[in-house]
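Lettering of chains follows the sequences in order, A, B, ..., and the numbering in each one begins at 1.
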Protein chains: 2
Amino acid sequence: MSRCENCIIRQFNSLRAMSKEELKKVSDTKVSKTFKKGDAIFEEGDRLDGVFCVRDGVSKLSKLSSNGKDQIIKLASKGEILGQRSVIAEESANLSAIAIKDMDVCFIPKESILHTLNTNPNFAVEVLRHMAKDLRDADDVIVNISQKTVKQRIAEAFIYLKDNFGEDEVGFLNLSLSREDMSNVVGTATESTIRIISEFKKKGIIETSGKKVRILSIPKLETVISGL
Amino acid sequence: MSRCENCIIRQFNSLRAMSKEELKKVSDTKVSKTFKKGDAIFEEGDRLDGVFCVRDGVSKLSKLSSNGKDQIIKLASKGEILGQRSVIAEESANLSAIAIKDMDVCFIPKESILHTLNTNPNFAVEVLRHMAKDLRDADDVIVNISQKTVKQRIAEAFIYLKDNFGEDEVGFLNLSLSREDMSNVVGTATESTIRIISEFKKKGIIETSGKKVRILSIPKLETVISGL
DNA sequence: TTAAAAATATGACAATTGTCAGGTTTCGGT
DNA sequence: ACCGAAACCTGACAATTGTCATATTTTTAA
């Protein structure tokens with residue numbers, strides 16, 4: 001079993017601010033878990049007794065609205081820590097975390113986290129910085145959703161997928177979302193997403209092959225985002 | 001000049017986790033300021049070299065969208081600390097803070113804050129908890145804006161104003177927003193807000209007197225929110 | 001392999017919301 | 001008390017987006 005002290009993933013998140021001894025403690029209590037595409041890591045309302053450190057795969061963090069639709073707030077991959085907000089606020093989970101690519105995660109009991117938080121200011125500040133970034137991102141999402149058209153938001157989503165998850169050797173996006181997930185990211189009806197993606201294909205902005213998507217022209221996408 | 005150690009406002013925010021000595025230091029470096037309705041405490045893009053502790057009044061925190069409209073992310077009043085996120089992330093301000101009721105604030109240089117953060121874990125955790133709450137709120141706003149109609153969002157905004165700012169002796173909301181600010185809170189055009197408020201008045205859900213608004217029936221508002 | 005289920009696609013239409021173009025009322029400063 | 005500016009209001013219309021119904025394609029599982 002691998003040890004946190006040697007885990008490369010650690011460099012990408014706030015665990016890097018932990019001391020050798022703290023990491024050893026975490027390593028002794030952590031549990032590796034795997035989740036298959038579609039599995040829930042946790043669901044809205046669950047009481048979490050720890051956080052999940054993503055080693056591989058991708059998860060969508062979403063919340064069910066009263067109208068029965070899911071809104072995806074964030075896509076989390078390698079290095080992200082899930083459930084941190086709920087554990088810190090000592091609240092039940094506000095979001096559900098569902099795997100959209102097979103996942104490999106470490107479960108870390110909340111005691112180690114909370115103890116380190118209360119004794120190691122470096123760690124607390126590191127977590128704080130990360131949450132400050134999340135908060136800024138959330139504010140930006142609010143502005144985008146309320147002030148831009150669905151077409152602009154879908155165009156932005158493609159850029160986001162390219163920037164955050166990259167492309168393979170032949171230019172296909174590494175992360176393909178179903179039309180439904182894409183709709184839940186931008187906050188619209190599935191049919192609207194399908195129509196706009198069809199339009200992008202007709203206009204030579206993107207092309208698809210099976211589930212895979214390739215962006216053909218970033219400039220054209222940016223023209224769409226700017227609103228003509 | 002009043003001292004932070006004696007300030008009642010402190011009880012409502014993370015400054016309560018500071019030690020006597022830390023508070024004294026803050027008190028020695030702080031500067032009281034007043035802002036009149038319409039004044040900017042800071043603007044998007046400003047480099048902040050401190051935070052603002054609100055002692056009285058109300059501020060809107062908003063961000064300008066590329067289409068030229070403001071989106072109000074949050075309304076901050078007594079006890080709130082403004083600029084904390086930017087100072088912690090060491091970024092320029094992501095939002096503008098404009099007074100919508102004459103304000104009385106204390107400016108606290110960032111050095112005191114950052115120093116305490118790095119040495120007093122209790123303070124860091126307290127700030128973290130507060131930011132966790134802001135993040136949860138932001139996530140909820142995302143879901144509301146993307147999944148509810150303008151009418152539902154305006155109804156919710158009235159409930160929010162009542163719950164967070166209260167009513168006077170005769171039942172008028174303590175905080176009155178202009179139609180434009182209300183539009184920027186819910187993310188819609190001013191005309192749409194005006195139409196819906198007119199409709200609420202006709203249906204006996206609210207009544208107005210000058211700028212003041214009185215909610216006549218919470219149950220009716222809740223019916224609107226539930227979407228019939 | 002093949003049948004069923006899920007995802008994608010498209011049309012027709014309705015509902016919601018935005019825009020523009022006028023008005024009227026209210027408010028703050030002289 | 002008055003004037004000009006800002007806020008508020010309303011109508012007409014257009015644009016965007018959602019809903020429903022129905023194919024078609026792709027994926028999944030027996």
Side-chain angles (χ1 to χ4, degrees), chain A residues 36-39 60 65-71 98 100-102 144-155 157 176-203 206-213 224-225 227-228, chain B residues 36-39 60 65-71 98-102 144-155 157 172 176-203 206-213 224-225 227-228:
Chain A
K36 276 192 247 155
K37 183 175 177 171
D39 288 350
K60 58 177 175 184
S65 170
S66 49
N67 68 2
K69 288 189 184 167
D70 265 326
Q71 173 68 36
I98 313 281
I100 56 175
K101 264 196 172 181
D102 291 356
N144 272 325
I145 287 199
S146 79
Q147 307 284 5
K148 295 192 176 166
T149 66
V150 171
K151 197 180 293 184
Q152 289 174 306
R153 272 137 58 201
I154 290 180
S176 307
L177 294 180
S178 68
R179 305 290 190 266
E180 190 180 1
D181 279 342
M182 183 67 118
S183 306
N184 292 342
V185 166
V186 303
T188 191
T190 308
E191 293 93 330
S192 298
T193 299
I194 288 173
R195 262 182 255 276
I196 288 166
I197 287 181
S198 297
E199 186 191 327
F200 284 179
K201 284 197 275 191
K202 274 189 202 114
K203 291 186 174 166
I206 62 171
E207 76 180 347
T208 61
S209 166
K211 300 205 79 87
K212 295 254 157 210
V213 176
V224 171
I225 292 172
L228 308 186
Chain B
K36 277 193 247 157
K37 183 174 177 173
D39 288 350
K60 59 177 174 182
S65 171
S66 48
N67 67 2
K69 289 189 184 167
D70 265 324
Q71 174 67 38
I98 313 279
I100 56 174
K101 265 196 172 182
D102 291 357
N144 272 325
I145 287 199
S146 79
Q147 307 284 4
K148 295 192 177 167
T149 65
V150 170
K151 198 180 291 184
Q152 290 174 306
R153 272 138 58 201
I154 289 180
F172 287 112
S176 307
L177 294 180
S178 70
R179 303 290 190 266
E180 190 181 2
D181 280 341
M182 183 68 119
S183 306
N184 292 342
V185 166
V186 303
T188 191
T190 307
E191 293 93 330
S192 298
T193 300
I194 289 173
R195 264 182 252 276
I196 288 166
I197 288 182
S198 298
E199 186 191 326
F200 284 179
K201 285 197 273 189
K202 275 192 201 111
K203 289 187 176 166
I206 62 172
E207 74 180 349
T208 61
S209 165
K211 299 206 77 85
K212 294 254 157 209
V213 176
V224 171
I225 293 170
L228 310 185

Look for any protein N or O under 3.5 Å of an N or O in nucleotides 14-21 of chain C and output each such pair with its distance, or none.
{"unit_1": "dT17(C)", "atom_1": "OP1", "unit_2": "Val150(B)", "atom_2": "N", "d": "2.9"}
{"unit_1": "dG18(C)", "atom_1": "OP1", "unit_2": "Thr188(B)", "atom_2": "OG1", "d": "3.4"}
{"unit_1": "dG18(C)", "atom_1": "OP2", "unit_2": "Thr188(B)", "atom_2": "OG1", "d": "2.3"}
{"unit_1": "dG18(C)", "atom_1": "OP2", "unit_2": "Ala189(B)", "atom_2": "N", "d": "3.2"}
{"unit_1": "dG18(C)", "atom_1": "OP2", "unit_2": "Ser192(B)", "atom_2": "OG", "d": "2.9"}
{"unit_1": "dT19(C)", "atom_1": "OP2", "unit_2": "Lys69(B)", "atom_2": "NZ", "d": "3.1"}
{"unit_1": "dT19(C)", "atom_1": "O4", "unit_2": "Arg195(B)", "atom_2": "NH2", "d": "2.9"}
{"unit_1": "dC20(C)", "atom_1": "N4", "unit_2": "Glu191(B)", "atom_2": "OE2", "d": "3.3"}

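- With hydrogens and angles ignored, the 3.5 Å screen pairs no side-chain donor or acceptor of Ser209(A) with any backbone N or O of Lys212(A).
- Between the NZ atom of Lys201(B) and the C1' atom of dT25(C) there is a distance of 11 Å, rounded to whole Å.
- Residues Lys148(B) and Ser66(A) have side chains in contact (heavy-atom distance under 4.5 Å, counting atoms from C-beta outward).
- Each of Thr193(B), Asn184(B), Ile100(B), Val213(B) was checked for a side chain to side chain contact (heavy atoms under 4.5 Å, CB included) with Leu177(B), and the lone residue meeting it is Ile100(B).
- The phosphate of dT10(D) (OP1 or OP2) has a side-chain N or O of Ser198(B) nearer than 4.0 angstrom.
- Taking atom NZ on Lys36(B) and atom C1' on dG29(C), their separation rounds to 13 Å, with Å as the unit.
- The nearest whole Å value for the distance from the CZ atom in Phe200(A) to the P atom in dA9(C) is 14 Å.
- Rounded to a whole Å, the CD atom of Glu180(A) is 11 Å from the P atom of dA6(C).
- Surrounding NZ of Lys37(B) are at most 12 heavy atoms belonging to other residues, nucleotides or ligands under 6.0 Å away.
- No side-chain heavy atom of Ile196(B) sits less than 4.5 Å from a side-chain heavy atom of Met182(B).
- Rounded to whole angstrom, the span from the CG atom of Asn184(B) across to the C1' atom of dA7(D) amounts to 14 Å.
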What string of B, S and - do you get for nucleotides 24-30 of chain D 5' to 3' if you count protein non-hydrogen atoms under 4.0 Å? ---S---
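- With Glu199(A) as the fixed residue, the side chain to side chain contact (heavy atoms under 4.5 Å, CB included) test singles out one of Lys203(A), Lys202(A), Lys201(A): Lys203(A).
- Listed here is the closest heavy atom pair of Val186(A) and Arg153(A): O-NH2, 2.6 Å.
- The backbone N or O of Asp181(A) sits less than 3.5 Å from a side-chain atom of Ser178(A), completing a donor-acceptor pair.
- The side chain of Ile194(B) sits closest to dT10(D) out of dT10(C), dT8(C), dT10(D).
- Taking atom CE of residue Met182(A) and atom C1' of nucleotide dA9(C), one finds them 16 Å apart after rounding to whole Å.
- With Gln147(B) contributing its side chain and Asp70(A) its backbone, the two residues share a donor-acceptor pair below 3.5 Å.
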